[in-house]
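Note on naming: letters A, B, ... go to the chains in the order of the sequence lines (proteins, then strands), and numbering restarts at 1 for each one.
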Amino acid sequence: MATFKQTIAAVIAPATGLDAEAIEAAITLPQHDGHGDFSFPCFPLAKTLRKSPALIADELARSLIPPQGFSKIEALAGYLNFFVDKALFAQRVLGEVLTQGAAYGNSTEGAGKPVVIDFSSPNMGKELAFHHLRGTMIGNSLSRVYAKRGHPVTRVNHLGDWGTSYGKLIVMFVREGLGEKDLPTLTLEHLNRLYKAFSQAAEKEPELENAAREAFAKLEAGDAYFHVLWNAFREVTLVELRRLYAILNVDFDSWVGEAFFANRLQPVLALLEEKKLLTTSQGAEVVDLEAFGATGMPPALIRKTDGSTLYITRDLAAALYRQAEYAFDRSFYVVDNGQSLHFQQLFKVLELLGCDWASRCEHIPFGLVLHKSEEGNWEKGKTRSGHSSLLKDVLEGAREKIAAIMAEKNPDAGKDVDLALRIAVGALVFSEMKNRRLNDIRFEWEQALSFEGDSGPYVQNAHVRLCSILRKAGIQLNSFYPKDLDGVRWGIYEEPASFAVAELLSQFPDRVGAAAISRDPCTLAQYALSLADATHRFLHGSRVLGSDEERERLLLVRAARSVLAQALELVGVPAIERM
RNA sequence: GCACCAGUAGCUCAGCUGGAUAGAGCGCCGCCCUCCGAAGGCGGAGGUCACAGGUUCGACUCCUGUCUGGUGUACCA
C-alpha cells in the first residue's frame with residue numbers, strides 16, 4: 001500500500017515534472033494547526049518555473065484533485081498543504097499497528113547487512129561504575145534498533161581482561177601475602193581495594209609501576225601461576241557483571257575480550273611487517289601515521305619497549321577477527337568521546353593494512369556524565385555527596401527512593417521490591433537516553449528520579465494507565481483478531497486528542513529509522529515522551545470505559561500501548577504494567 | 001599547539017535530511033479529582049538560538065572565523 005507521502009508525490013510529479021522520490025523527500029510535517037497534515041514547499045520550483053512560489057502553490061492547489069485519502073489541498077505562503085481524510089488515516093494506522101503488533105515498525109532494510117556492536121566492555125577486576133551505564137545502554141538500544149531494522153546483530157562485550165592493570169593486581173595480591181588458597185573466597189570488592197592500594201603505594205614507590213609492567217609481561221609470556229590468578233580475577237568480576245546486566249536486561253552474543261586476542265597477535269604483527277608499516281621510535285614499535293599521510297595524527301604505539309602489546313594492537317586483531325567471523329557490513333564501537341583519537345588511529349592503520357572494510361568501521365562516541373561537586377561545579381567523577389559512584393550502589397539508592405515514593409502513592413504495588421527496581425532502572429536509563437548521544441550530561445538525582453515531566457516514570461506511567469484500562473476491560477495485551485476492526489466507526493478518531501495519538505503512531509517506523517541512521521537512541525526516547533504526552537492528554541479528555549465510543553477508544557488504547565511499549569523497550573526502559 | 005565535542009528560557013534539555021509563529025520539563029504565579037491511575041491535565045510569565053561573516057527564496061539547523069567550556073593527545077584501557 002502506498003504511504004500518504006507516496007500518494008502525494010504521485011499527484012505532484014506529473015504536474016511539475018519532478019522526480020517522485022525527490023518530492024517525497026521534500027514533504028514536511030507541518031508544526032502548526034491549519035497547515036494540514038503534510039506540506040510540500042514550492043520554493044525550489046520558483047527558479048525553473050520562473051514564477052513566485054506563492055503563485056505556483058496557488059495554481060497547483062487549484063488544478064490538483066485531492067487523491068484518495070485526502071480531503072483537501074490548500075496553498076498558503078508558498079506551501080502546498082495536504083489535509084488527510086482523518087477517518088481513513090486513523091483506519092489505516094490503527095489497522096497496521098494492531099494487526100502487526102510487535103512487528104509494527106519492522107523493516108527489511110538491514111537484511112543481509114550484519115552489524116557488530118561493541119559496547120559496555122568493562123575492565124575486569126573493577127566494579128561497574130555509574131558512568132558505564134550510558135555506553136552500555138546506548139549500545140543495547142542500538143542493538144535493538146538495528147535488529148528491528150532487519151540487520152543480523154552481534155552484540156560484543158569486548159572485556160578489558162588484559163593489560164598492565166593485571167600486573168598491578170598481581171603485584172598487590174602477592175604483596176599482601178595472598179595465594180592460591182585465597183582465590184575461592186575472593187570478592188570483587190577486594191580486587192577494587194587492591195587497585196586503590198596499588199595507586200596509593202605507587203605514589204610513594206614509583207618503582208611499583210615497573211613491577212606491574214613486569215608482572216604483566218610475565219603473564220603475557222605465559223607464566224602459569226599468574227595465569228591462575230588472572231583467571232580467578234576475571235571470573236570473580238564476571239559473576240557480578242552478569243548480575244548487573246540481568247537487572248538492566250542487557251544481553252551479549254560474544255564475551256570475547258582482549259585476552260582472547262592477546263594470543264592472536266602474531267598475524268597482525270606479521271601483516272604490519274609485511275606492509276612495512278612498523279618503525280622503531282624511542283625503543284618502541286610504532287606506526288608513524290603522519291609519515292603515511294595522516295597529518296597531525298600521533299603515531300600508533302603497537303609494542304612497548306618491553307615487548308608487551310597495547311590496546312590498539314589487540315583492537316587491530318579484534319577488528320580483523322570480527323570481519324573474518326561475522327563478515328560485517330558495519331562495525332560499531334560504542335565508546336566515550338574521549339577515545340576518538342584512538343579510533344581514528346585504529347581505522348587509519350586498518351586502512352593502511354589494506355582492509356577495504358575499514359571505512360565501514362565506526363566509532364559511536366558519547367559524552368560524559370557530569371556530577372555537581374560540593375562547590376557547585378559540574379565535573380566528571382562521583383555522584384553527589386553521600387552517594388557512591390558504583391553502579392550497584394546508584395541502582396540500590398534509586399530503588400530505595402522509588403520504593404519510598406511508591407509506598408506513599410500506591411501502597412499495594414509499593415511492596416513489590418522488583419517493581420521498584422524496574423522503575424528505578426527506567427528512570428536512570430531514560431534520563432541518560434533522552435539526551436543527544438554526544439552531549440555531556442549533567443546528572444541530577446532529583447531530575448533523574450523525578451516522577452514528573454520529562455522522565456522515565458512519566459512515560460512508564462502513560463503505559464501503566466493504558467494497561468490499567470485494558471485490564472479493567474478484560475483485554476489481554478497483544479491479543480488481537482482481525483474481526484476486532486469490523487464495523488469500527490473511524491470518524492470518531494477525528495477528535496483532536498485521539499487523532500494526535502494516531503498521528504504519532506504513524507510516525508513510529510520513521511523514528512526507528514532515524515534512530516538507526518543517526519545511531520542515536522535519543523530520537524526514540526523523545527518519541528516515547530511525545531507519545532506519552534499525547535496519551536495522557538487523550539486519557540484526560542476522553543473517558544474510555546462505559547462511554548458511547550468505548551469500542552473505538554479501546555482500540556486506540558491498545559494501539560498506543562503497543563507502540564509505547566515498543567519504544568520503551570527499544571530505549572531500554574522496562575514497559576511495566578503497574579506502578 | 002593539534003584533534004574530537006558542545007554553547008537554545010533562571011536551571012536541565014529537545015528541535016527530524018535547512019522550511020511557515022522557537023518547544024518541553026524543573027522552578028515561579030494561577031486553575032482542574034462525586035469521573036478508567038492527579039506519578040495526570042489546563043492557563044500565565046520567561047529566549048537578539050555565544051558572536052561575526054558567508055551560502056540560500058529561506059539558517060537554531062550548512063560553511064568559515066572568533067570567543068567560551070569539556071575531553072583527548074607514546075609505552076593505561
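Here A:Pro365 lies out of heavy-atom contact (under 4.0 Å) with every strand. Using a 4.0 Å heavy-atom criterion, one finds that A:Ser308 contacts no nucleic acid atom at all. Using a 4.0 Å heavy-atom criterion, one finds that A:Gln344 contacts the sugar-phosphate atoms exclusively. Note on A:Leu539: a base of the nucleic acid sits closer than 4.0 angstrom, heavy atoms only. Within 4.0 Å of A:Thr164, counting heavy atoms only, lie sugar-phosphate atoms of the nucleic acid but no base atom. Nucleic acid contact for A:Gln460: none, since no nucleic acid atom lies under 4.0 Å from a heavy atom of the residue. Across all strands shown, A:Pro298 has heavy atoms under 4.0 Å from sugar-phosphate atoms exclusively, and none from any base. Using a 4.0 Å heavy-atom distance criterion, A:Ala284 is classed as a base contact. When heavy atoms are screened at a 4.0 angstrom cut-off, A:Ser542 is found touching base atoms of the nucleic acid. Note on A:Ile405: nothing from the nucleic acid sits closer than 4.0 angstrom, heavy atoms only. Within the nucleic acid shown, A:Arg436 comes within 4.0 Å of sugar-phosphate atoms alone, with no base atom in reach, counting heavy atoms only. Using a 4.0 Å heavy-atom cutoff across all strands shown, A:Val557 reaches no nucleic acid atom at all.
The backbone N or O of A:Ile138 sits nowhere less than 3.5 Å from a side-chain atom of A:Ser141 that would complete a donor-acceptor pair. Side-chain atoms of A:Glu290 never come within 3.5 Å of backbone atoms of A:Thr295 as a donor-acceptor pair (strictly under, hydrogens ignored). With A:Asp520 contributing its side chain and A:Arg437 its backbone, the two residues share a donor-acceptor pair below 3.5 Å.
Across B:C36, B:C13, B:U21, the shortest atom-to-atom separation from the side chain of A:His32 is found for B:U21. Which of B:G40, B:C16, B:G70 sits closest to the side chain of A:Leu368 comes down to B:G70. Across B:A24, B:A20, B:G70, the shortest atom-to-atom separation from the side chain of A:Asp454 is found for B:A24. With distances taken from any side-chain atom of A:Ser340 to the nucleotides B:C4, B:C36, B:G23, the minimum falls on B:C4. Distances from the side chain of A:Leu301 to the nucleotides B:A74, B:G70, B:A20 place B:A74 closest. Comparing B:A74, B:A6, B:G40 by their closest approach to the side chain of A:Asn439 singles out B:A6. Among the nucleotides B:G70, B:G23, B:C36, the one closest to any side-chain atom of A:Arg543 is B:C36. Among the nucleotides B:A3, B:C57, B:A14, the one closest to the side chain of A:Gln526 is B:A14.
Between A:Tyr458 and B:G41 there is a side-chain polar atom (N or O) within less than 4.0 angstrom of OP1 or OP2. Distances shown here put a side-chain N or O of A:Arg465 below 4.0 Å from the OP1 or OP2 atom of B:A38. In terms of phosphate contacts, A:Asn123 brings no side-chain nitrogen or oxygen within less than 4.0 Å of OP1 or OP2 of B:C76. Proximity of A:Arg537 to the phosphate of B:C42: a side-chain N or O atom is located under 4.0 Å from OP1 or OP2. Not one side-chain nitrogen or oxygen of A:Arg553 sits closer than 4.0 Å to the OP1 or OP2 atom of B:C36. Side-chain nitrogen and oxygen atoms of A:Lys47 include at least one within less than 4.0 Å of the OP1 or OP2 phosphate oxygen of B:C57. At the phosphate of B:C13, OP1 or OP2 sits under 4.0 Å from a side-chain N or O atom of A:Arg442.
You can call A:His35 stacked on the base of B:A20; the centres are under 5.5 Å apart and the planes sit within 30°.
Using modelled atom types and a 3.5 Å distance limit, the side chains of A:Arg314 and A:His158 yield no donor-acceptor pair. Side chains of A:Asp533 and A:Tyr458: a donor-acceptor N/O pair is present below 3.5 angstrom, by distance only. Side-chain N/O atoms of A:His131 and A:Asp336 include no donor and acceptor closer than 3.5 Å.
Taking the six-membered ring where the residue is Trp, A:Phe4 and A:Phe38 present parallel rings, their angle staying beneath 30° rather than reaching 60°.
In this model, a side-chain donor or acceptor of A:Ser39 finds a partner on the base of B:A20 within 3.5 Å.
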